Amino acid sequence: RQEALAFFFDHTEGFDNFDVKDANEDDSAAIAEDVNGKQRKGRGLAESAKKRKRAEALSTEDSKAFHRRQKVSQQLETLTEFAEHHLVDKFDKVEMLAEACLLLPNFDILFDWSTIVSLLLRESDELISSALRSTQVAVLLRLLVSSALYINRKRLAVNSTDADVSKTSLLKFNRVELDHWESLNDNLQRSLPLLLTRFRDDDANLSVLCALLSCCDYSSTQSQRALKALFKVVV
């Protein structure tokens, strides 16, 4: 499955050999031209001081971040279209797709929690050309849950009371994966109440979404506000 999926992505426009992290370098020339163009336009419109200030304030780094999110969103859209076409409504197979994706080198789009959540909450009109279809939303939600449970299982193994299991898992749970989990926890604390509200009338998706509750850590004092926001939706 992994080899077949790698072949598919290698021959699919927009994936660039899965190396999303290098998208900033690949697009740097286009981004620089985009920023310069906006600055020139702002300077040329004396009567539009507000637009000029916005264009001058647009930094290269902000533009790179936006282009990266846009690229990840398009890749996620392509992935959901692939699943929609080949899996039809066999949503139980999405977990297998997620597992195969997670084994691919440099394939980090399933860990881009904020972009996935934005797509699910329909807050991403500027990232993709059109809203995801209901089947694509169902696929993306299951991809989110599968990847979240994957990274959470690895974290829990590190914290295991079994010394042998914990030591072995700690070697595998590297700094990047820890960053993935911390980012997941932060995003879920902010967005899980919104997601539960978004899918409250959709029993099938809501039951899948509830699995994310186990991926949140509300033990710190700072997370109490997020816990209260969650209670307002759940209770």
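Nothing here was measured: the structure is a model prediction, and the numbers come from that model. We're numbering straight along the sequence, starting at 1.
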Exercise. Give a yes or no answer on whether the side chain of T80 reaches the backbone of E77 with a donor-acceptor pair at less than 3.5 Å.
Key: yes

Exercise. Report yes if some heavy atom in the side chain of L102 is under 4.5 Å from a heavy atom in the side chain of S147; otherwise report no.
Key: yes

Quiz item: Can you tell if the side chain of H86 reaches within under 4.5 Å of the side chain of L97, non-hydrogen atoms only?
Solution: no

Quiz item: Would you say the side chain of V139 lies within less than 4.5 Å of the side chain of L87, judging by non-hydrogen atoms?
Solution: no

Quiz item: Is the backbone N or O of A65 less than 3.5 Å from a side-chain atom of Q70, with the two atoms forming a donor-acceptor pair by type?
Solution: no

Quiz item: About how many Å separate CG of L188 and CG of L194, when rounded to the nearest 0.5 Å?
Solution: 11.5 Å

Exercise. Look at the side chain of S214 and the backbone N and O of A211, then say whether any donor-acceptor pair between them is shorter than 3.5 Å.
Key: yes

Quiz item: S146 and A98: which non-hydrogen atoms are nearest, and at how many Å?
Solution: CB-CB, 3.6 Å

Quiz item: Taking C-beta and beyond as the side chain, do L192 and L209 meet within less than 4.5 Å on heavy atoms?
Solution: yes

Quiz prompt | Single-linkage hydrophobic cluster, 4.5 Å side-chain cutoff, F231 and V233 together | solution = yes

Quiz item: How long is the span from the OG atom in S219 to the CD atom in Q224, to the nearest 0.5 Å?
Solution: 8.5 Å

Practice problem: Rounded to the nearest 0.5 Å, what's the gap from CH2 on W113 to CZ on R190? Could you check? | Solution: 13.0 Å

Self-check item: Heavy-atom donor-acceptor pair, S183 side chain to D179 backbone, under 3.5 Å
Solution: no

Exercise. Measure the CG-SG distance between L143 and C101 for me, rounded to the nearest 0.5 Å.
Key: 7.0 Å

Quiz item: Passes side chain to side chain contact (heavy atoms under 4.5 Å, CB included), V145 versus V94? Steps please.
Solution: CA-CA 10 Å; V145 172; V94 174; over 6 Å; no

Exercise. Ignoring hydrogens and angles, tell me if any N or O in the side chain of R198 forms a donor-acceptor pair with the backbone of L120 under 3.5 Å.
Key: yes

Quiz item: With a 4.5 Å limit on heavy-atom distance, are the side chains of R133 and E81 in contact?
Solution: yes

Quiz item: Is there side-chain contact between D112 and D108, with at least one heavy-atom pair below 4.5 Å?
Solution: no

Quiz item: Taking the side chain as C-beta and beyond, is there a heavy-atom pair between Q189 and N185 under 4.5 Å?
Solution: yes

Quiz item: So, do F199 and V208 sit near enough that their side-chain heavy atoms are less than 4.5 Å apart?
Solution: no

Quiz item: Is there a donor-acceptor pair under 3.5 Å between the side chain of R142 and the backbone N or O of A138?
Solution: yes

Quiz item: Nearest 0.5 Å, what's the CG-OG distance between N205 and S207?
Solution: 7.5 Å

Quiz item: Is a side-chain donor or acceptor of N152 paired with a backbone partner of A148 at a separation under 3.5 angstrom?
Solution: no

Quiz item: For the atom pair CG (L196) and CG (L206), what is the distance rounded to the nearest 0.5 Å?
Solution: 6.5 Å

Quiz item: Hey, mind stepping through F111 and L184 against side chain to side chain contact (heavy atoms under 4.5 Å, CB included) and telling me if it holds?
Solution: CA-CA 8 Å; F111 297 130; L184 170 67; over 6 Å; no

Exercise. Kindly indicate, with the supporting measurements, whether the criterion side chain to side chain contact (heavy atoms under 4.5 Å, CB included) is fulfilled by V176 and H180.
Key: CA-CA 6 Å; V176 173; H180 286 329; 3.5 Å; yes

